[in-house]
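Count residues from 1 along the sequence.
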Amino acid sequence: MVDMSASPTGIRLTGIDIFTGRKHEDVVSATHNVDVPNVKRSEYQLVDIADGFLSMMDDGGEMKEDVKLPAGELGDAIAADFEAGKDLLVTVISAMGEEAAISHKEAPKGSGA
């Protein structure tokens, strides 16, 4: 949510899609409830990149292999750092049945990651 204002027909809501970056606007009645998505942020150790998907492991050793390598600069940076032999942690957000890798960083030394 980036903006909320009153209008003659109700409340105007403006938000940015967390997966696509696209701007969305809606007008709702001031008397209606609005559902708010539950957004979860998780961090995984990158194990491999194969066929456009990230193979990652959580802190408990469970594998996750259903998140796509992002397109564009972020995906290129993740692939380049992985190919350079860096131990990487990838941040994944999930909401409303969708997931996406949104950032990565080098794992701290001695973290076991």
| query | What's the verdict on side-chain contact (heavy atoms from CB on, under 4.5 Å) for I93 and F19, showing C-alpha distance, side-chain angles and the deciding distance? | reply | CA-CA 9 Å; I93 56 170; F19 297 106; 4.0 Å; yes
| If every non-hydrogen atom of L46 is compared with every non-hydrogen atom of F82, which pair is closest and at what distance? | CD2-CD1, 3.6 Å
| query | Rounded to the nearest 0.5 Å, what separation is found between the OG atom of S103 and the CD atom of E43? | reply | 7.5 Å
| message | In the structure I gave you, are the side-chain heavy atoms of Y44 and V92 within less than 4.5 Å of one another anywhere? | response | yes
| said: More than 12 heavy atoms of other residues, nucleotides or ligands under 6.0 Å from CE of M4: yes or no? | reply: no
| task | Flag yes if more than 12 heavy atoms outside M96 fall under 6.0 Å of its CE atom; otherwise flag no. | result | no
| message | Regarding E99 and K64, does a basic nitrogen lie under 4.0 Å from an acidic carboxylate oxygen? | response | yes
| Heavy-atom closest pair, residues V67 and A101 | CG1-N, 3.8 Å
| task | Kindly indicate, with the supporting measurements, whether the criterion side-chain contact (heavy atoms from CB on, under 4.5 Å) is fulfilled by D17 and H24. | result | CA-CA 7 Å; D17 187 303; H24 296 275; 3.8 Å; yes
| said: If you count every heavy atom of other residues, nucleotides or ligands that lies below 6.0 Å from D51 atom CG, does the total exceed 12? | reply: no
| said: Do L89 and V47 sit in one hydrophobic cluster, given that two such residues count as connected whenever their side-chain heavy atoms are within less than 4.5 Å of each other, even indirectly? | reply: no
| message | Quick check: is V39 connected to I102 through a chain of hydrophobic side chains (ILVMFWY, heavy atoms under 4.5 Å apart)? | response | yes
| note | In this structure, CD of E65 is separated from CE of M56 (nearest 0.5 Å) by 9.0 Å
| task | Identify the two heavy atoms, one from A95 and one from I18, that lie closest to each other, and give their separation to 0.1 Å. | result | CB-CD1, 4.2 Å
| In terms of heavy-atom contacts, does CG of N38 have more than 12 from other residues, nucleotides or ligands at under 6.0 Å? | no
| said: For E25 and R12: C-alpha separation, side-chain torsions, deciding distance, then whether side-chain contact (heavy atoms from CB on, under 4.5 Å) applies. | reply: CA-CA 7 Å; E25 294 182 337; R12 178 177 300 278; 4.0 Å; yes
| Got more than 12 heavy atoms from elsewhere within 6.0 Å of CG, D59? | no
| field | Side-chain touch L13/V27, heavy atoms, less than 4.5 angstrom | value | no
| 4.5 Å side-chain heavy-atom contact, L74 and H104 | yes
| message | Which heavy atom of L88 sits nearest to which heavy atom of I78, and what is that distance? | response | CD1-O, 3.7 Å
| message | Tell me the closest heavy-atom pair linking D26 and V28, and the distance in Å. | response | OD2-CG1, 3.9 Å
| field | Nearest non-hydrogen partners of M1 and T14, listed with the distance | value | SD-O, 3.4 Å
| Gap separating the CD atom of E106 from the NZ atom of K86, nearest 0.5 angstrom | 5.5 Å
| query | In terms of heavy-atom contacts, does CD of E73 have more than 12 from other residues, nucleotides or ligands at under 6.0 Å? | reply | no
